[in-house]
Amino acid sequence: MDDGILPNHREYEEGVIGALICEPRLYDDVSAQLKYMDFYVGRHQYIFLTIGEMREAGIPVELVSLWQRLVDAGEIDNAGGAGYLTYLA
């Protein structure tokens with residue numbers, strides 16, 4: 001039966017995002033396979049997009065700079081907040 005929900009697994013998404021926070025150089029390989037819309041959880045979409053924007057702008061991605069970028073963009077709450085970023089990392 002098709003209930004209209006796309007396949008998803010929150011823990012897998014958390015693992016991917018957490019890996020990107022800890023090892024942002026992986027973004028290039030991951031983004032060749034995944035796009036932000038492939039994430040079912042909305043806050044993961046915000047974080048993935050922000051990491052990509054930072055990489056493209058040449059801004060080092062680490063927990064504090066990612067948090068600051070999300071705060072500056074007014075998206076920190078949409079991304080789950082500082083506590084959630086820390087949990088992922």
Side-chain angles (χ1 to χ4, degrees):
M1 173 166 65
D2 181 11
D3 56 8
I5 297 175
L6 298 174
N8 66 84
H9 199 285
R10 183 183 49 85
E11 290 84 5
Y12 289 162
E13 290 188 16
E14 289 175 351
V16 170
I17 297 296
L20 293 175
I21 292 171
C22 293
E23 292 291 338
R25 62 183 168 75
L26 297 174
Y27 179 83
D28 296 336
D29 291 332
V30 171
S31 66
Q33 301 297 319
L34 294 175
K35 305 300 178 214
Y36 81 94
M37 68 281 265
D38 292 325
F39 291 91
Y40 184 76
V41 178
R43 61 185 162 205
H44 298 158
Q45 293 176 354
Y46 284 106
I47 297 168
F48 187 81
L49 279 170
T50 302
I51 291 171
E53 290 169 358
M54 292 174 71
R55 296 271 303 159
E56 289 177 19
I59 300 168
V61 177
E62 48 88 34
L63 186 58
V64 174
S65 63
L66 177 60
W67 170 82
Q68 188 62 58
R69 182 80 172 208
L70 288 162
V71 167
D72 292 347
E75 298 293 353
I76 190 64
D77 290 336
N78 291 330
Y84 189 65
L85 288 178
T86 303
Y87 163 77
L88 292 173

J.: Does Glu11 CD have over 12 foreign heavy atoms under 6.0 Å away?
T.: yes
J.: Taking only residues two or more places apart in sequence, or in another chain, which ones meet Glu23 in a salt bridge (charged side-chain N to carboxylate O under 4.0 Å, His left out)?
T.: Arg25
J.: Drop me the distance from Ile47's CD1 to Leu88's CG, to the nearest 0.5 angstrom.
T.: 5.0 Å
J.: Using only atom types and a distance under 3.5 Å, with no angle test, would you say the side chain of Glu75 pairs donor to acceptor with the backbone of Tyr46?
T.: no
J.: Do Ile76 and Val64 belong together in a cluster built from hydrophobic side chains that touch within less than 4.5 Å?
T.: no
J.: Let me check something: do Tyr87 and Tyr12 share a hydrophobic cluster, defined by ILVMFWY side-chain heavy atoms less than 4.5 Å apart, either directly or through other members?
T.: no
J.: Tell me if a side-chain donor or acceptor on Thr50 pairs with a main-chain N or O of Leu70 at a distance below 3.5 Å.
T.: no
J.: How about Trp67 and Thr86: do any of their side-chain heavy atoms sit closer than 4.5 Å?
T.: no
J.: Compute the centroid of each ring, for Tyr27 and then for Phe48, and state whether the two points are separated by less than 6.0 Å.
T.: yes
J.: Quick one: CG on Asp29 to CG on Leu20, what's the gap to the nearest 0.5 Å?
T.: 10.0 Å
J.: Quick one: side-chain contact (heavy atoms from CB on, under 4.5 Å) partners of Arg43, sequence neighbours excluded?
T.: Val41, Tyr84
J.: Is a donor on one side and an acceptor on the other found under 3.5 Å between the side chain of Glu62 and the backbone of Ser65?
T.: yes
J.: Are the side chain of Asp38 and the backbone of Lys35 linked by a donor-acceptor contact shorter than 3.5 Å?
T.: yes
J.: To the nearest 0.5 Å, tell me how far Phe39 CZ sits from Ile17 CD1.
T.: 4.0 Å
J.: What about Leu34 and Ile21, same hydrophobic cluster or not, with Ile/Leu/Val/Met/Phe/Trp/Tyr joined at side-chain heavy-atom distances under 4.5 Å?
T.: yes
J.: Which is it for Tyr40 and Arg10 under the side chain to side chain contact (heavy atoms under 4.5 Å, CB included) test, yes or no, and what are the steps along the way?
T.: CA-CA 8 Å; Tyr40 184 76; Arg10 183 183 49 85; over 6 Å; no
J.: Run the numbers on Arg55 and Val61 for side chain to side chain contact (heavy atoms under 4.5 Å, CB included), then give the verdict.
T.: CA-CA 7 Å; Arg55 296 271 303 159; Val61 177; 4.1 Å; yes
J.: Output the distance between atom NE2 (His44) and atom CD1 (Ile51), rounded to the nearest 0.5 Å.
T.: 10.5 Å
